[in-house]
Amino acid sequence: MSAESASAIPRSQADLLDFIDWSGVECLNQSTSHSLANALKQGYREDDGLHLESDADEQLLIYIPFNQVVKLHSIAIKGPEEEGPKTVKLFSNKEHMGFSNVSDFPPSDTAVLSPENLAGKPVLLKYVKFQNVRSLTIFIEDNQSCADVTKVQKISLYGSTVETTDMKGLKKIEDGH
């Protein structure tokens with residue numbers, strides 16, 4: 001990821017919350033009492049009392065499918081100063097990843113989150129790597145203080161939808177021969 005962060009999201013980029021396919025969203029190693037919905041769903045993620053928390057160790061593996069193809073521009077991951085995520089690896093269109101095989105694939109992008117990022121400042125992604133995204137896997141490898149538990153208060157994905165051709169709207173061209 002770019003070392004320079006977005007100071008503001010460009011007008012053409014929107015929160016992709018409405019394009020998430022909620023039936024397919026998964027999070028490995030989440031605490032049952034502090035699940036992914038707390039950090040990702042509208043209404044929950046704005047509540048500072050709610051958060052996503054890791055369970056057995058500091059790592060989290062989050063799978064987010066979209067209900068249409070999107071272009072991902074930037075990501076914001078908000079968390080506490082000590083237990084907030086540090087190294088975040090993003091994988092575009094990689095399904096069925098687990099902790100056993102996440103290191104087998106090169107990430108589409110990697111970020112080391114700063115205190116400014118944890119306060120909500122978005123990180124610009126390598127935009128060319130996120131042009132036709134059907135799903136996003138977020139691997140939170142560690143946290144700021146090497147604590148046993150990682151906490152995420154909010155995850156926001158910014159980008160745009162990919163305009164697709166409406167095949168019904170196309171008219172057949174008659175050959176005059």
Side-chain angles (χ1 to χ4, degrees), residues 1-28 30 35-46 51-52 59-79 84-98 101-141 150 152-170:
M1 285 184 201
S2 173
E4 106 188 36
S5 295
S7 57
I9 302 301
R11 226 178 267 135
S12 61
Q13 307 302 322
D15 188 335
L16 296 174
L17 186 72
D18 292 340
F19 303 104
I20 293 174
D21 177 5
W22 293 103
S23 64
V25 171
E26 294 178 1
C27 182
L28 301 182
Q30 66 182 334
S35 68
L36 178 60
N38 290 346
L40 198 57
K41 283 203 167 183
Q42 187 74 43
Y44 292 81
R45 66 183 189 173
E46 285 74 29
H51 61 271
L52 164 63
Q59 296 186 333
L60 288 161
L61 192 59
I62 302 165
Y63 175 73
I64 303 171
F66 296 99
N67 55 28
Q68 61 181 283
V69 180
V70 299
K71 293 180 182 182
L72 197 56
H73 174 270
S74 54
I75 184 169
I77 299 177
K78 193 174 175 187
K86 183 177 182 182
T87 308
V88 178
K89 295 182 178 179
L90 301 170
F91 301 85
S92 176
N93 302 324
K94 289 275 185 226
E95 297 180 7
H96 311 296
M97 293 182 77
N101 70 350
V102 73
S103 59
D104 295 348
F105 302 100
S108 303
D109 211 342
T110 302
V112 177
L113 300 184
S114 68
E116 292 81 24
N117 297 132
L118 290 176
K121 187 175 187 180
V123 177
L124 295 176
L125 302 177
K126 291 178 185 164
Y127 198 50
V128 294
K129 301 258 186 167
F130 297 95
Q131 290 297 300
N132 290 296
V133 181
R134 293 177 303 283
S135 67
L136 180 70
T137 302
I138 303 170
F139 176 46
I140 297 175
E141 194 168 37
T150 297
V152 179
Q153 294 163 328
K154 182 176 183 177
I155 298 173
S156 299
L157 305 170
Y158 298 102
S160 58
T161 56
V162 174
E163 300 300 322
T164 54
T165 304
D166 180 6
M167 298 307 280
K168 293 178 197 160
L170 295 178

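Using a distance-only test at 3.5 Å, with no hydrogens or angles considered, a donor-acceptor pair links the side chain of Asp109 to the main chain of Lys126. For Asn38 (side chain) and His51 (main-chain N/O), a donor-acceptor pair under 3.5 Å exists by modelled atom type. A donor-acceptor contact shorter than 3.5 Å is absent between the side chain of Gln13 and the backbone of Tyr158. Judged purely by atom type and a 3.5 angstrom limit, Asn93 uses its side chain to pair as donor or acceptor with the backbone of Ser135. The main-chain N or O of Ser92 is found under 3.5 Å from a side-chain atom of Ser108 such that the two form a donor-acceptor pair. A donor-acceptor pair under 3.5 Å is formed between the side chain of Thr137 and the backbone N or O of Lys94.
In this structure, the separation between CD1 on Ile140 and CD1 on Ile62 is 4.5 Å, given to the nearest 0.5 Å. For the atom pair CD (Gln59) and OG1 (Thr87), the distance works out to 10.0 Å, reported to the nearest 0.5 Å. A distance of 12.0 Å separates CG in Leu36 from OH in Tyr44, rounded to the nearest 0.5 Å. Leu136 contributes atom CG, which lies 6.0 Å from atom CG of Leu72 (distance to the nearest 0.5 angstrom). Leu17 contributes atom CG, which lies 11.5 Å from atom CD1 of Ile155 (distance to the nearest 0.5 angstrom). Taking CE of Met97 as the reference point, atom CD of Glu26 lies at 12.5 Å (rounded to 0.5 Å).
Of all heavy-atom pairs spanning Val25 and Leu40, the tightest one is CG1-CD2, 4.3 Å. Residues Leu52 and Ala39 approach most closely at CB-CB, 3.9 Å, considering heavy atoms. Taking every heavy atom of both residues into account, Gly120 and Ala76 meet most closely at O-CB, 3.9 Å.
When the side-chain hydrogen bond (donor to acceptor under 3.5 Å, both in side chains) test is applied to Thr150, the partners found at least two apart in sequence or on another chain are Asn143. Applying the ring pair (Phe, Tyr, Trp, His ring centres under 6.0 Å) criterion to Tyr127, with sequence neighbours excluded, gives His73.
For Lys154, the NZ atom counts as densely surrounded, since its 6.0 Å shell holds more than 12 non-hydrogen atoms of other residues, nucleotides or ligands.
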Chi angles and distances behind the side chain to side chain contact (heavy atoms under 4.5 Å, CB included) call for Arg134, Val69
CA-CA 5 Å; Arg134 293 177 303 283; Val69 180; 4.0 Å; yes

Kindly determine whether Phe66 and Ile20 satisfy side chain to side chain contact (heavy atoms under 4.5 Å, CB included), including the steps that lead there.
CA-CA 4 Å; Phe66 296 99; Ile20 293 174; 4.1 Å; yes

Side chain to side chain contact (heavy atoms under 4.5 Å, CB included), that's the test. Do Val88 and Val123 meet it? Break it down for me.
CA-CA 11 Å; Val88 178; Val123 177; over 6 Å; no

Kindly indicate, with the supporting measurements, whether the criterion side chain to side chain contact (heavy atoms under 4.5 Å, CB included) is fulfilled by Arg45 and Ser156.
CA-CA 9 Å; Arg45 66 183 189 173; Ser156 299; 3.4 Å; yes

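The side chain to side chain contact (heavy atoms under 4.5 Å, CB included) with Ile138 is formed by just one residue from the set Leu61, Leu90, Leu60, Val152; it is Leu90.
For the pair Phe91/Val102, a side-chain contact is recorded, criterion being any heavy-atom separation below 4.5 Å from C-beta on.
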